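In this text the structure is predicted, and so the values were computed from the model without any measurement. Along the sequence shown, residues are numbered consecutively beginning with 1.
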Amino acid sequence: MNDIPDKREKKIFYTLYILLIASVVLAFSTIFNESFVAPKRFFLRGFTILLIVFWSFIQVKYGFRLPSYKAIYASAAYFAFVLVSLFVSRSILQGIPQVVDLACYLAIFLITLTFINKEDTARTGTFLLAISIPVSIYSVMQHLGVDPVSWEQVDLIKNRSISTLGNPDFLSAFLVLVIPVAFCMSFRKETKAGGIPELIIWAFNCAVLIGTYSRAGLLALIAGFIISLFFIGKTVLLENKKKLVAIVLLIALAAGLVLLMEKTGETRHTLQERVSGVVTMKDNNVSTRLYLWQAALKIIEKSPVFGTGPNTFQFSYLPYRNLEPVGIRARIAIAESPHNYYLDIACSSGIPALLALFVILGITYYGGFKSFYSGSSDKNESDKPSIIRLTGDDRLIAAGFLAGITSYLVHHLAGYPTLPDELLFWVYLGFCQILFFGKQVLWEAKPVVKMADLRAAVMIVVVFSAIILLISSFRLLSSDYFFNRARGFQSSIDSVTEYKWKEYCVNKAEESYAKALENDPVNPKIWLQRGKLYEQFLGINIIKDNNNSLFQTAYKSYTLAIKLNPRDPYPHADLGRLCRNWSDPVIAEKAYRQALMLDPYNVLFMTDLAILCQDQKRNDEAEFLFKKVIEIYPEGAWVYGNIGVFYNTKGDKAKAVEYLNKCLAIDPNAERYKAVLDKIK
């Protein structure tokens with residue numbers, strides 16, 4: 001009987017497993033914004049599919065036993081709740097990518113449980129530390145202003161470490177997962193180097209983490225240290241007094257280097273300012289998070305069971321923007337999440353989904369405490385592996401993974417996960433299940449049908465599904481490439497002066513948008529930007545005979561974007577602006593009112609509608625809307641300027657002067673409104 005796969009099979013599988021982790025983390029992108037997700041998402045899905053194909057062959061050939069069925073049941077329940085919330089929501093297209101990603105994480109979790117053993121967890125931990133080295137080196141280069149890849153946010157990079165993860169907080173989330181593993185493994189005795197390489201990696205990553213200036217990262221790092229020390233134990237620490245002294249010195253050195261950079265003017269941030277911003281609640285990021293958490297609680301109260309659907313927070317929170325801090329109410333950006341992992345799950349998939357995740361975490365922590373303090377290495381009567389008492393290096397490795405999970409959970413009290421760190425989170429959960437609940441056992445399954453027939457049937461289904469998913473993921477990656485290429489040409493239109501070059505940029509952008517839509521025809525983001533392209537060209541087109549065609553193309557693009565994602569207010573507002581300027585004001589008003597129904601406190605939409613009413617001589621409605629804008633956003637100079645211009649047009653010079661003076665009191669450099677005031681005087 002074949003009890004386990006042969007060495008070649010295990011080697012191939014393990015190589016793919018490590019490549020998956022490394023590729024997702026290290027995938028580069030040349031643009032800072034959301035496009036950095038595309039290559040990482042492709043690697044995640046591609047390698048997960050390859051792993052599933054190979055794993056399916058292995059498990060059909062040999063069979064398997066799980067170390068903990070409870071964790072699998074809980075993860076299946078978690079995915080089921082998320083899936084139900086997707087189909088209950090009105091934004092299925094919006095949530096599908098996130099659900100597919102979650103399916104990949106859970107597949108990796110299951111594969112980890114059924115194939116990786118204790119020895120592999122230690123080896124994988126070492127590989128993870130190796131992967132963190134180029135990530136940290138790259139971030140140091142960015143911090144010093146040397147970047148081998150062209151990024152948009154150069155000023156931000158020179159002040160905060162970002163690396164390939166795409167954001168300082170994303171980098172810190174990755175590092176707080178890795179640092180506790182390196183810290184705990186540096187105390188190992190059963191290695192030739194005595195834990196010195198892990199100690200160096202740990203110190204280097206700590207310096208990089210401090211350089212991110214992520215407050216959530218620093219808090220998570222402290223939490224990781226505390227639980228690491230708790231599980232490592234007093235005895236081990238006292239046996240390594242020299243190493244503890246070295247650790248303290250390395251922390252001091254890392255902090256000293258960052259403080260030195262602050263004093264020499266290399267960064268506009270200081271650790272003191274970042275911390276005091278939380279204490280005084282005067283930091284915009286802090287006040288914004290508090291507001292988003294309030295909005296999230298309102299959403300949960302309204303939809304507690306199924307939520308609003310995966311990846312829908314950016315639309316479901318808009319009716320609660322009256323809770324937003326006054327100073328940021330005019331911003332165009334929409335929050336993608338409440339910046340709290342747990343509130344995000346409860347908002348999008350409901351409280352039952354969040355509870356299912358807590359069950360998985362509870363099983364993991366329960367196994368950890370039992371393994372470290374009261375576990376037994378014996379098997380129970382039903383021959384199922386019980387919780388195993390850990391000793392020696394196994395204890396240190398397990399402590400590292402458990403501390404990494406804790407750091408991750410603390411970090412995301414004020415953040416949300418990305419592809420790389422969420423992948424590692426589920427891998428860590430799998431490792432802990434293996435270490436706490438025993439080695440998985442492989443055996444030859446008793447087939448209901450002939451093994452060859454069963455294997456063939458399973459493999460045909462798995463391979464066929466894998467091919468479809470792989471092609472789909474590649475098409476999405478290709479679409480994302482052409483979309484960003486089109487955006488590049490589109491952004492160049494205003495920077496060139498000659499009409500022929502403007503027309504050239506438009507044509508090139510349209511070619512790229514067409515290719516993007518060919519690969520992803522149901523993406524509302526592409527249709528929306530394509531509409532903006534043609535609306536932009538309408539404003540500069542000197543061939544008037546072609547204007548109707550341009551208008552119709554822009555109109556069609558906006559309406560398709562609305563159809564594909566009716567909960568997004570911006571396509572409605574863009575359609576309103578298009579029709580107000582080039583077509584029917586009745587359609588424009590209807591579009592603006594629909595946008596305001598979805599985002600009732602948006603001062604930009606309200607201002608556009610007020611101007612539309614003003615153009616139609618509906619002065620009472622226009623005045624009401626202009627005053628409503630002031631009520632919502634009293635700190636904006638332009639809101640007083642707009643109503644001042646309105647009163648001037650209406651003939652009420654006294655009120656015009658009053659509001660224009662208020663505008664200039666807030667912003668003395670508002671030249672447009674200053675010119676209007678000068679004409680009145």
Side-chain angles (χ1 to χ4, degrees), residues 33-42 44-45 48-49 79-106 299 303 306-319 334-337 344-345 347-350 353 416 418-419 422 465 468-484 486-487 513-532 555-575 591 594-595 597-599:
N33 63 20
E34 63 182 9
S35 66
F36 80 93
V37 172
K40 290 181 170 63
R41 179 165 273 164
F42 174 72
L44 171 67
R45 295 177 182 175
T48 300
I49 289 167
F79 185 73
F81 287 127
V82 173
L83 201 60
V84 170
S85 71
L86 172 69
F87 288 106
V88 170
S89 74
R90 293 181 294 155
S91 304
I92 294 178
L93 288 175
Q94 189 74 17
I96 284 177
Q98 192 173 27
V99 173
V100 172
D101 291 341
L102 178 59
C104 289
Y105 302 139
L106 295 178
I299 296 168
S303 305
F306 299 116
T308 58
N311 200 31
T312 57
F313 179 82
Q314 55 190 306
F315 310 120
S316 59
Y317 90 100
L318 295 176
I334 292 180
E336 294 182 354
S337 84
D344 191 23
I345 293 173
C347 284
S348 61
S349 301
Y416 59 98
T418 56
L419 291 166
E422 191 160 11
S465 302
I468 293 175
L469 288 173
L470 201 57
I471 292 173
S472 174
S473 296
F474 181 78
R475 285 172 64 89
L476 292 176
L477 180 63
S478 176
S479 174
D480 190 81
Y481 166 77
F482 285 113
F483 173 74
N484 285 290
R487 291 291 301 274
Y513 279 133
K515 291 179 180 177
L517 288 169
E518 183 180 337
N519 289 297
D520 189 9
V522 294
N523 191 326
K525 178 177 65 175
I526 303 175
W527 286 108
L528 178 62
Q529 291 301 326
R530 183 173 179 263
K532 288 184 177 181
Y555 185 90
K556 178 184 176 182
S557 296
Y558 285 146
T559 52
L560 279 171
I562 291 170
K563 184 178 180 181
L564 291 169
N565 190 6
R567 298 177 69 177
D568 188 352
Y570 281 92
H572 293 281
D574 289 333
L575 180 63
Q594 183 62 36
M597 186 181 296
L598 296 167
D599 190 0

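- To the nearest 0.5 Å, atoms CZ (R530) and OG (S557) are separated by 4.0 Å.
- Residues passing the ring pair (Phe, Tyr, Trp, His ring centres under 6.0 Å) test with Y416 are F170, H339, sequence neighbours excluded.
- Formation of a donor-acceptor pair under 3.5 Å by the S85 side chain with backbone atoms of V82 is found in this model.
- With sequence neighbours excluded, the residues forming a side chain to side chain contact (heavy atoms under 4.5 Å, CB included) with L564 are L93, V522, P524, W527, listed by chain and number.
- In this structure, D568 has no salt bridge (charged side-chain N to carboxylate O under 4.0 Å, His left out) partners at least two apart in sequence or on a different chain.
- A donor-acceptor pair is defined here as one N or O able to donate and one able to accept, closer than 3.5 Å; no such pair exists between the side chain of D520 and the backbone of A516.
- Annotation: side chain to side chain donor-acceptor pair (under 3.5 Å) contacts of S348 (sequence neighbours excluded): none.
- Considering only heavy atoms from C-beta on, D599 stays 4.5 Å or farther from F315 through its side chain.
- Side-chain contact between K40 and T418: absent, with no pair of heavy atoms (C-beta onward) separated by less than 4.5 Å.
- Contacts of Y105 classified as side chain to side chain contact (heavy atoms under 4.5 Å, CB included), with partners at least two apart in sequence or in another chain: L44, D101, L102, L419, E422, L423, W426.
- Annotation for P97 and R41: closest pair CB-NH1, 3.7 Å, computed over non-hydrogen atoms.
- Residues satisfying the side chain to side chain donor-acceptor pair (under 3.5 Å) criterion with D344, sequence neighbours excluded, are absent altogether.
- Under the side chain to side chain donor-acceptor pair (under 3.5 Å) criterion, Q529 pairs with no residue at all, not counting sequence neighbours.
- Among residues two or more places apart in sequence or in another chain, the side chain to side chain contact (heavy atoms under 4.5 Å, CB included) test is passed with V84 by V88, F306.
- The CD1 atom of I92 lies 12.0 Å from the OG1 atom of T312; values are rounded to the nearest 0.5 Å.
- The OG atom of S472 lies 11.5 Å from the CG atom of L477; values are rounded to the nearest 0.5 Å.
- Contact record, Y558 with L528: CE2-O, 3.6 Å, taken as the closest heavy-atom pair.
- Distance check, rounded to the nearest 0.5 Å: NE2 of H572 to OG1 of T559 gives 11.0 Å.
- With sequence neighbours left out, S316 forms a side chain to side chain contact (heavy atoms under 4.5 Å, CB included) with I299, T308, F313, R567.
- Remark: I96 CD1 to Q94 CD distance equals 10.5 Å, nearest 0.5 Å.
- At least one donor-acceptor pair closer than 3.5 Å links the side chain of R475 to the backbone N or O of E518.
- No side-chain heavy atom of F482 sits under 4.5 Å from any side-chain heavy atom of L517.
- Scored by the salt bridge (charged side-chain N to carboxylate O under 4.0 Å, His left out) test, K515 finds no partners at all (sequence neighbours excluded).
- Of all non-hydrogen atoms in S479 and I526, the two that sit nearest each other are OG-CD1, 3.4 Å.
- With rounding to the nearest 0.5 Å, the separation of CD1 in I468 from CD1 in I49 is 10.0 Å.
- For N311 against Q314, the heavy-atom pair with the smallest separation is O-NE2, 3.6 Å.
- F483 approaches Y513 most closely through the heavy-atom pair CD1-CE2, 3.8 Å.
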